[in-house]
Structures are given as structure tokens and as C-alpha cells.
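To keep things clear, I will list the structure first and then write my remarks on it.
Keep in mind the model is a prediction, meaning the values are calculated, not measured. Quick note: numbers below take in every heavy atom, side chains included, and nothing from hydrogens, waters or symmetry partners.
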Amino acid sequence: MNYLSTRDNHLRMTAAQAISKGLAPDGGLMTPQVMPRLAGNALESLKDMSYQQRAVYVLAGFLEGFSSSELTAYARAAYGGGKFSHLDVAPVRAVDENTHCMELWHGPTCAFKDMALQMLPHLFSASLVKNDEKKTVCILVATSGDTGKAALEGFKDVSKTKILVFYPKDGVSDIQQLQMVTQEGSNVGVCAVVGNFDDAQTGVKKLFSNEELAQQLAERGYFLSSANSINWGRVLPQIIYYISAYCDLRKQGAIEQGQEINVCVPTGNFGNILAAYYARMMGVPIKTLICASNENNVLTDFIRTGVYDRNRPFHNTLSPSMDILISSNLERLLFELSGRDDQQVASYMEQLAQEGRYEVSPAIKTKLQQAFAAGYCDDAQTKETIAKVWKEHNYLIDPHTAVAFHVLEEYRKETGDETVTVVVSTASPFKFCSSVLEALGEHEFAPGTEILDQLSRLTGVEVPKPLASLKDKQVRFDTVTEKEGMLDQVLEYLR
Ligand SMILES: *Cc1c(COP(=O)(O)O)cnc(C)c1O
């Protein structure tokens with residue numbers, strides 16, 4: 001199967017090209033030419049398999065040119081061998097009768113980005129070999145916190161790759177920052193940017209489209225690529241866990257064969273919930289996709305009105321990985337909802353770039369609202385929800401997950417829809433200790449990494465190992481740049 005661009009239906013790339021390029025030359029996003037459908041009995045047979053086996057099954061449907069022994073090796077390397085602290089990799093845990101929480105943070109960086117970024121480097125380096133690429137790739141990442149660390153962990157010491165991460169100086173938590181600036185590995189770089197996530201992301205996009213830079217780097221034996229969630233190799237591994245969650249619910253006897261479920265996803269760049277939409281297209285019985293936002297609620301308005309309008313104040317919230325006003329992966333959804341109309345998508349994206357706003361056609365709006373519901377949650381509600389879920393269920397959740405729990409509760413009140421729902425939990429509460437402690441009524445915080453022990457003592461929940469070990473790590477990176485200086489940082493790094 002080949003890949004095409006959301007802005008050009010006629011463009012063709014192989015899977016290996018789509019993954020190593022990251023973005024189409026026209027600025028569109030690479031998307032499978034056809035969406036594979038699950039065979040009739042697939043969910044029932046996958047139900048008795050391991051996460052790694054489920055992964056191989058799903059990946060194989062999308063990755064022509066990758067052998068099943070290759071995929072098996074990657075699944076083992078990414079999700080086996082103690083990389084994840086839970087044998088189920090993405091365990092689904094019952095919260096109450098019709099609410100189940102899928103925990104996507106048992107990986108090496110304690111956030112859901114590991115689910116894709118432990119797999120992507122394997123797909124990436126294999127793709128370079130398949131494309132007969134002689135140059136070394138430099139992965140450029142703009143991160144709102146979790147992606148950066150997860151990408152650094154995934155790519156560290158992978159041959160023929162380098163990675164440089166830009167994070168917004170005041171847009172990540174202390175623990176997130178410490179995770180990044182202490183990163184080990186011989187092929188890694190980390191740099192703070194003055195500004196917010198959109199500044200860092202826009203800066204990185206500019207670097208990608210800078211042809212002079214590309215030329216200069218080629219002479220030095222490098223080319224740039226992306227590990228951001230617009231890369232197909234990021235979206236694809238995320239489809240696996242939605243299929244896996246359905247299998248686990250079946251296995252636990254929580255649903256009957258073929259029974260419909262809802263999913264509720266804390267959303268920023270729209271990558272995670274897009275993967276759920278693809279799982280639904282493939283045949284997983286998902287009725288409604290509930291898109292949960294924080295106060296940066298551009299997606300809530302979009303799903304309710306059909307108008308995407310980024311002209312609004314930007315809020316720094318307690319769920320910083322969702323502090324985003326341009327959800328890049330939405331472009332892939334528009335492509336599907338428009339019946340794969342590349343010109344229409346290109347026109348919306350042009351309007352977004354020029355005016356920061358577009359309104360979808362009535363036909364697209366109807367389809368959008370058939371599949372999606374949306375809501376948002378402010379910081380006060382986020383804290384209340386953390387406290388409430390802890391008190392009622394003795395279950396400790398992070399602020400991003402709390403946004404989803406709150407939005408689900410509101411959705412149920414509004415609609416009366418009591419369908420069994422998988423709430424996606426995207427980070428360990430220990431990545432956001434001060435917010436969680438405050439939600440639980442604490443007002444004084446222990447300094448540095450001692451705050452991890454403070455939260456653990458208060459709740460009796462163990463600190464995840466990768467965070468506990470931060471204490472003993474050296475700070476390796478302290479560079480800060482204005483956004484205008486990002487170009488020089490790249491040139492310096494790839495000297
Ligand atoms: C990245 C992230 C999100 C948002 O996911 P998208 O795919 O960008 O929508 C939510 N929660 C956490 C903890 C994250 O790291």
C-alpha cells in the first residue's frame with residue numbers, strides 16, 4: 001500500500017518514504033491510500049494475544065515492504081524487554097461499571113508519547129535503509145513537554161540518527177524539563193525557546209521549509225526530519241492501543257462481542273484521538289469519540305460549530321501538553337470527512353495559515369458531529385476532578401487525564417449516553433506532582449525531585465522508576481534561545 005498527501009491525492013510514496021520524509025513536499029500530511037479493514041474475526045482472535053502480537057498484526061496492514069520478522073523484532077524491541085513497567089503495555093483498568101481507563105504511561109518516560117516513540121525509531125532506521133539513504137537524519141522536535149523526552153529516549157544512540165529537541169522555556173513542568181536536560185546519549189541535543197509551544201512548533205516548521213538550510217546541511221551529510229505527531233510513523237503505533245483496548249474489554253468480559261464503546265481522549269495536537277478515529281474506520285465498534293480539551297478549547301468550538309478559529313488568547317494551563325491552538329493532525333481528519341478532497345483540505349489549510357480561521361462545509365460538519373462529541377475543562381475543574389476521582393475510586397490521575405474524566409462526566413449528563421467508555425490516561429500523575437498535590441489539598445511543595453516522594457507518601461502510590469532515578473542524573477543541557485535563534489542552534493548542533 002502506498003501513501004498520498006492530504007493536499008495532493010496524486011502524490012505517491014512508499015511507507016518507508018512517508019515515514020522518513022515526515023511531511024509531503026506540498027506541506028500536506030502523508031496518509032494511507034486506503035484504510036485497511038480488520039477481518040471479521042480479528043478482534044476475537046487478537047483478544048488472546050500479547051500487546052506485541054497485536055502490534056505486529058496492526059502494523060502489517062499498513063507497512064508494505066516490511067517483513068513480518070522485521071515487525072516482530074521491532075514490536076519486541078519497542079514494547080517488550082522491560083521497556084514498559086506493565087506486562088500488558090497499555091493496561092485497561094475498570095474505574096466503575098461502564099468507565100474503563102486505558103493507562104498509556106507505563107513506558108520509559110511515563111507519558112503516552114512512548115507508545116509511538118518507542119516504535120518510530122525502528123521504523124525510521126529501517127526506512128532509511130530501504131530508501132538507500134546515505135545521509136544521517138537529524139530529527140527536529142518541537143515539544144509541549146512529553147514528546148521531547150519520549151523522542152530523546154526513543155532515538156538515543158540509534159545509528160545514523162541525531163535528534164535536537166526545542167521546548168518552550170515556560171511551557172513545561174519542572175519534572176518534564178529535568179527529564180529532558182538530563183538526557184543521556186551521544187546523538188542528542190536539547191534547547192529551550194523563549195515563548196510558548198506554538199512559537200517552538202512554528203519555528204521548527206520554518207526550519208523544515210528552509211531550502212537554503214537543507215542545502216547547507218546536505219553538504220554536511222545531514223537531512224532534517226520530524227518525529228512530531230504529524231509523522232505517519234507516530235500515528236500508526238497509536239492505532240494499536242485502541243484495538244488492544246477493545247480486545248482487553250472483551251477479555252475482561254466488560255463487553256459482548258461487537259458491542260459498541262465510546263472513547264474519551266484528552267486532546268492537543270489531535271494525534272491520539274485521530275488514531276481512535278482510524279481504529280473506528282478499520283472496524284473497531286467505536287460509537288462516539290469524545291474530544292476533551294482544556295481552556296485552549298479551539299477543538300470544542302470546532303466540533304460544536306464547524307468553525308475552526310485560532311484567533312483567541314493562549315492559556316498556560318495545568319495540562320500543558322494540550323496547550324495548543326493549531327491541532328496539526330486535524331488535517332488528516334478533514335481529508336477523510338471531505339471524502340478525501342485534497343483541494344478542499346488545501347483551501348482550509350490556506351485559510352488557517354492566512355486568517356487563522358476556516359469554516360467547514362455543511363456536509364463535513366454533519367459527518368464530524370456524527371462521529372465526535374466535545375467538551376472542555378478549566379483548571380479549577382481539573383483539580384476538582386483529580387480530588388474527586390482519588391476520593392471516590394482511590395485512583396490517582398494526572399491533570400490531562402482529569403480533563404478527560406471531567407468532559408466525560410459532562411457529556412453523560414448532557415446526553416444520557418451511558419455507553420461503556422474507555423478514558424485515555426496519557427501521563428503518570430508523578431509527571432505533574434505540584435498540580436496533583438495542590439488538587440489533593442497540599443500547599444507546600446518539597447523542592448526538586450523530593451516532590452515525587454511527597455506525592456508518594458501522601459497517597460501510598462509508588463513513584464515510577466524512571467522518575468525516581470532523576471535524582472541522580474546530571475544536567476547536560478542549559479541552552480536558551482529566542483525563536484529567531486533556532487536556525488543558528490541547528491547549524492551549531494550539526495557542525
Ligand atoms: C501529547 C499529550 C496529549 C495530547 O495528545 P495529542 O495527540 O497531541 O492530541 C495529552 N496528554 C499528554 C500527557 C500528552 O503528552
Side-chain angles (χ1 to χ4, degrees), residues 22 104-105 107-121 124 137-158 161-205 207-208 224-231 233-234 237-238 268-269 271-272 316 319-324 328-329 398 400 426-428 430-432 464 466-467 470 473-481 483 485-486 489-490 493:
L104 298 180
W105 42 261
T109 76
C110 304
F112 101 94
K113 304 294 194 293
D114 288 328
M115 302 304 301
L117 281 164
Q118 282 298 310
M119 175 56 73
L120 178 71
F124 215 104
V137 66
C138 179
I139 304 290
L140 282 191
V141 181
T143 183
S144 54
D146 294 327
T147 305
K149 176 62 182 181
L152 289 162
E153 260 318 297
F155 278 94
K156 81 167 177 213
D157 297 329
V158 171
T161 71
K162 295 193 82 151
I163 172 164
L164 178 58
V165 170
F166 291 103
Y167 69 92
K169 187 168 168 291
D170 301 313
V172 303
S173 78
D174 292 351
I175 297 281
Q176 285 177 319
Q177 183 173 14
L178 194 60
Q179 280 184 301
M180 287 189 277
V181 299
T182 57
Q183 177 65 43
E184 291 160 359
S186 56
N187 61 340
V188 301
V190 176
C191 179
V193 180
V194 180
N196 62 36
F197 171 67
D198 280 335
D199 292 323
Q201 175 158 271
T202 306
V204 163
K205 279 187 179 163
L207 296 173
F208 280 127
L224 298 178
S225 192
S226 146
N228 274 13
S229 68
I230 49 178
N231 189 308
R234 280 283 301 280
Q238 299 182 163
N269 218 11
N272 198 353
N316 283 307
S319 43
S321 301
M322 295 153 63
D323 289 347
I324 289 174
S328 310
N329 259 308
D398 95 290
H400 302 78
T426 49
S428 159
F430 287 92
K431 281 196 92 163
F432 301 94
L467 298 180
L470 280 176
K473 298 255 158 88
Q474 294 262 314
V475 171
R476 295 185 62 206
F477 303 99
D478 57 9
T479 311
V480 181
T481 181
K483 57 189 174 191
M486 291 169 69
Q489 291 297 327
V490 173
Y493 180 60

Could you check whether any side-chain N or O of R234 sits under 3.5 Å from a backbone N or O of L120, counting only pairs where one atom can act as donor and the other as acceptor? no
When you compare the side chains of Q176 and K149, does any donor N or O come within less than 3.5 Å of an acceptor on the partner? no
Would you say Q489's side chain and C191's backbone share a donor-acceptor pair under 3.5 angstrom? no
Keeping D170 on the side-chain end and V194 on the backbone end, is there a donor-acceptor pair under 3.5 Å? no
With no hydrogens and no angle check, is any side-chain donor or acceptor of N269 less than 3.5 Å from a backbone partner on S328? yes
Is it true that atom CG of N187 has more than 12 heavy atoms of other residues, nucleotides or ligands lying nearer than 6.0 Å? yes
Give a yes-or-no answer on whether the side chains of S226 and N231 include a donor-acceptor pair shorter than 3.5 Å. no
Report yes if some heavy atom in the side chain of V165 is under 4.5 Å from a heavy atom in the side chain of F477; otherwise report no. no
Aromatic plane relationship, H400 with F432 - under 30° parallel, 30 to 60° tilted, over 60° perpendicular: tilted
With distance as the sole test, does D199 use its side chain to make a donor-acceptor pair with the main-chain N or O of P168 at under 3.5 Å? no
Between the main-chain N or O of V141 and the side-chain N or O of Y167, is there a donor-acceptor pair closer than 3.5 Å? no
So does T143 get a backbone contact from the side chain of T147, meaning a donor-acceptor N/O pair under 3.5 Å? no
Working to the nearest 0.5 angstrom, can you tell me the gap between I163 CD1 and K156 NZ? 11.5 Å
Keeping K113 on the side-chain end and S229 on the backbone end, is there a donor-acceptor pair under 3.5 Å? no
Scan side-chain atoms only and decide if D398 and S428 contain a donor-acceptor pair under the 3.5 Å cut-off. no
Gap between atom CZ of F124 and atom OG1 of T161 - 0.5 Å precision: 8.5 Å
